[in-house]
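Input: a single structure, listed below in structure tokens.
In what follows, chains are A, B, ... by sequence order, proteins preceding strands, each numbered from 1. Quick caveat: nothing in here was measured; it's all calculated off a predicted structure.
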Protein chains: 2
Amino acid sequence: MIGSRTPATLHDVAREAGVSLATASRSLNGSTRKVNEEYRQRVLDAAERLGYTPNLQAQAVARGTSSTVALVVADIADPYFSSIAAGVVAEADREHLIVTMTATDRDPDRELDIVRQLRAQRPRVLVLAGSRPGPDGAASPAQLALDAELDAYELSGGRVVLVGGEDASRRTATLDNFAGAAALGRALAGLGYRRFAVVTGDEGLRTAEDRLAGFRAGILEGGGGLADTDVLRTPFTRDGGYAAVRDRIAAGLDGVELFFATNDVMAVGALSAIRDAGLAPGADVAVAGFDDIPVASDVTPPLTTVRVPLAELGRRALRLALDEDAGDAATPVTTEVVLRASTPPRG
Amino acid sequence: MIGSRTPATLHDVAREAGVSLATASRSLNGSTRKVNEEYRQRVLDAAERLGYTPNLQAQAVARGTSSTVALVVADIADPYFSSIAAGVVAEADREHLIVTMTATDRDPDRELDIVRQLRAQRPRVLVLAGSRPGPDGAASPAQLALDAELDAYELSGGRVVLVGGEDASRRTATLDNFAGAAALGRALAGLGYRRFAVVTGDEGLRTAEDRLAGFRAGILEGGGGLADTDVLRTPFTRDGGYAAVRDRIAAGLDGVELFFATNDVMAVGALSAIRDAGLAPGADVAVAGFDDIPVASDVTPPLTTVRVPLAELGRRALRLALDEDAGDAATPVTTEVVLRASTPPRG
DNA sequence: GGGCGTCGGGAAAACGTTATCCCAAACCCG
DNA sequence: CGGGTTTGGGATAACGTTTTCCCGACGCCC
């Protein structure tokens with residue numbers, strides 16, 4: 001039971017096949033060099049017989065390049081991130097790459113820490129989702145340090161891809177948050193809504209900012225408006241959404257007809273807060289979200305939102321890192337307004 | 001921009017510090033050997049100056065043991081698995097272990113394939129969640145092969161942990177599915193329900209089977225019953241739950257008062273199916289689930305379910321693999337019936 | 001038939017670590 | 001003070017690969 005037969009090595013295979021180490025290596029793993037078919041077959045048979053599996057770590061050391069992709073997300077259990085992760089993993093699988101996963105818990109310092117630790121892995125690709133973007137704007141020390149770290153990583157041959165945000169200075173698998181939110185705003189204004197409140201994350205989050213700005217533009221265009229006091233800053237989570245809406249209702253709805261949460265998990269929290277306050281979401285006050293996470297259509301009322309193909313976003317992130325010319329992976333993923341019962345037409 | 005300065009190696013550090021490779025290694029990474037404080041400091045400084053980060057792959061090769069944990073789940077985007085994954089990752093983080101992730105898409109053949117591929121990684125620990133268990137019962141060829149593969153892996157020094165199911169022959173981070181479902185069944189019977197239908201996965205899934213059996217025992221005890229025709233076999237997913245309940249309603253509810261879905265994602269699908277059929281979930285027909293995934297309390301009506309501390313389950317899985325004596329990680333995680341509005345008392 | 005590519009196997013040097021020796025210096029104890 | 005036992009630095013051999021050489025055996029061409 002405590003047995004400890006070490007796995008067969010290439011050495012073993014070579015010996016078993018009666019060839020040199022070099023030949024064994026060449027026959028088993030791709031090589032420019034051709035090897036005599038007879039030898040090749042002997043090696044393959046020997047490998048089969050011994051149950052040989054190459055040691056990826058050793059390969060990485062020898063080749064000087066690993067086959068792992070490091071994925072860093074804010075929160076693994078958040079459907080937004082887990083959907084993206086699913087896409088990254090699926091695509092990585094196709095490329096025979098291995099995905100390692102870490103969670104920052106939305107703490108920029110922790111994120112910096114993690115990225116630093118990650119260097120030890122020497123991953124070929126580093127995918128950051130839900131990260132605060134880099135240098136522009138009022139960057140915190142942690143953001144600046146992160147940016148420097150990423151630069152160093154790229155300089156040493158690694159590829160960094162951001163997902164979700166937009167950062168001119170780095171590859172980004174992106175969606176047009178502004179346009180999507182604007183379209184949603186216009187659609188809602190078209191339904192007759194005029195008075196809004198926005199539930200959103202703190203100011204560091206580019207994604208949240210863009211969605212807020214887009215929404216503002218959209219409703220403005222449609223004749224609505226948004227007072228600064230109706231922008232509710234709260235953690236970018238279900239509980240954040242719940243708390244913000246609960247507090248706002250307690251303080252007086254004051255004419256607000258619709259809560260736009262800049263992501264669906266907050267919107268789900270908002271729904272519950274509304275219901276817990278004794279109001280009927282949809283009927284008494286409408287709710288809209290962003291992302292179209294899987295449960296969006298299963299909550300009640302089903303959530304009006306902007307559909308984002310999250311898994312596709314993850315897939316593209318990897319493509320963006322792997323392909324020299326990004327192709328259509330470089331273009332923003334297309335979003336689509338999905339009107340559901342949480343925002344009934346307002347007569 | 002295309003720069004390719006390779007990261008500093010231990011060699012570089014040693015040279016910079018003017019000491020031998022051995023001393024550098026000893027000062028930077030744990031070692032039984034003591035090293036002169038002055039030398040140590042010189043090495044540390046040099047490492048700092050050069051921005052040295054050890055190469056984990058090389059360490060793994062040299063040490064003959066890696067620091068990675070391979071996590072295999074059915075579906076990353078499923079809240080059940082992503083919650084477990086979050087727990088595994090959190091605990092791994094504490095132990096400075098790296099988690100790699102793969103998804104089987106619920107395909108046993110694919111799972112086998114993945115586990116085979118995984119050997120190349122030489123992970124220290126292999127965590128399988130949502131796997132069909134091994135040898136007992138009517139095992140498919142893929143299951144048998146998987147079992148053999150896992151045995152081989154353990155023989156070569158790896159540690160396998162299953163999560164969620166129960167398998168006597170392997171370490172398992174477990175919950176008492178039977179007891180939890182039984183308690184739920186009793187509670188529902190206590191609320192006055194007598195006639196049930198169970199929405200569950202196909203017969204290979206131990207978890208599903210245990211929950212079904214437990215539930216059956218619970219309701220029997222409470223005076224309820226379960227006809228074989230009221231056991232609805234369907235894929236273990238949201239859409240599976242939806243389809244099964246939709247079809248059942250179409251075929252005639254025939255007195256069924258409550259749908260028990262053996263997991264929450266199916267239950268969520270059930271809720272939508274009921275609503276889409278023009279019935280009011282809770283009022284017209286009740287629904288209960290299992291797991292208490294995060295959205296369970298946010299759907300409408302909030303879902304009666306059995307709470308399972310999923311992240312804790314993930315944490316324990318890792319502990320179980322790491323600790324020689326499992327301690328309380330070996331005992332089943334405690335579950336708790338959570339009654340919510342989806343199962344109103346039946347008067 | 002002799003010079004000359006080219007084909008392909010094998011030896012051996014990487015790759016970046018850790019771990020095992022070896023050995024000089026320092027220390028301890030009687 | 002002398003012999004034995006630490007102590008701790010430095011070479012160097014692993015670890016399991018890939019990759020660069022080297023080199024003999026062909027085949028080709030004039």
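- Backbone-only engagement by A/Val35 is indicated by non-hydrogen atom pairs under 4.0 Å involving sugar-phosphate atoms exclusively.
- Nucleotide C/dG8 holds its P atom 13 Å from the CD atom of A/Glu38, rounded to whole Å.
- Partners of B/Glu16 according to the side-chain hydrogen bond (donor to acceptor under 3.5 Å, both in side chains) rule, which considers only residues two or more places apart in sequence or in another chain, are B/Arg49.
- Between the CG atom of A/Asn36 and the C1' atom of C/dT6 there is a distance of 15 Å, given to the nearest Å.
- Evaluation of the side chain to side chain contact (heavy atoms under 4.5 Å, CB included) rule for A/Arg116 yields A/Leu112, A/Ala145, A/Glu149 as partners, not counting sequence neighbours.
- Within residues 7-28 of chain B, the residues having any heavy atom under 4.0 Å from DNA chain D are, by residue number, B/Val19, B/Ser20, B/Ala22, B/Thr23, B/Arg26.
- Residue pairs satisfying the salt bridge (charged side-chain N to carboxylate O under 4.0 Å, His left out) criterion with at least one member in residues 21-34 of chain B, sequence neighbours excluded, are absent.
- One finds no side-chain N or O of B/Arg33 lying less than 4.0 angstrom from the OP1 or OP2 phosphate oxygen of D/dG8.
- Distance NZ (B/Lys34) to P (D/dG8): 5 Å, rounded to an integer number of Å.
- Residues forming a side chain to side chain contact (heavy atoms under 4.5 Å, CB included) with B/Thr23 (at least two apart in sequence, or on another chain): B/Val19, B/Ser20, B/Ser27, B/Val35, B/Tyr39.
- Identified under the salt bridge (charged side-chain N to carboxylate O under 4.0 Å, His left out) test for residues 50-62 of chain B, with sequence neighbours left out: none.
- Every residue was checked against the salt bridge (charged side-chain N to carboxylate O under 4.0 Å, His left out) condition with A/Arg124, not counting sequence neighbours, and none meets it.
- The OH-P distance, from A/Tyr39 to C/dG8, rounds to 12 Å in whole Å.
- Every pair passing salt bridge (charged side-chain N to carboxylate O under 4.0 Å, His left out) that includes a residue from residues 156-165 of chain B is listed here, sequence neighbours excluded: B/Arg159-B/Glu324.
- End-to-end axis angle for the helix from C/dG1-D/dC30 to C/dG30-D/dC1, using five pairs per end and rounding to 10°, comes out at 40°.
- Phosphate contact (OP1/OP2 of C/dT18, side-chain N/O of B/Asn29, threshold under 4.0 Å): present.
- Shown for residues 49-57 of chain A: residues whose heavy atoms fall under 4.0 angstrom of DNA chain D, namely A/Tyr52, A/Thr53, A/Pro54, A/Asn55.
- Within a 6.0 Å sphere centred on CD of A/Glu48, other residues, nucleotides and ligands contribute 12 heavy atoms or fewer.
- Residues passing the salt bridge (charged side-chain N to carboxylate O under 4.0 Å, His left out) test with A/Asp105 are A/Arg110, sequence neighbours excluded.
- The line from CG of A/Leu162 to OG1 of A/Thr207 is 9.5 Å long, rounded to the nearest 0.5 Å.
- In this structure, CZ of B/Arg42 is placed 11 Å from C1' of D/dG9, rounded to the nearest angstrom.
- Partners of B/Asp45 according to the salt bridge (charged side-chain N to carboxylate O under 4.0 Å, His left out) rule, which considers only residues two or more places apart in sequence or in another chain, do not exist here.
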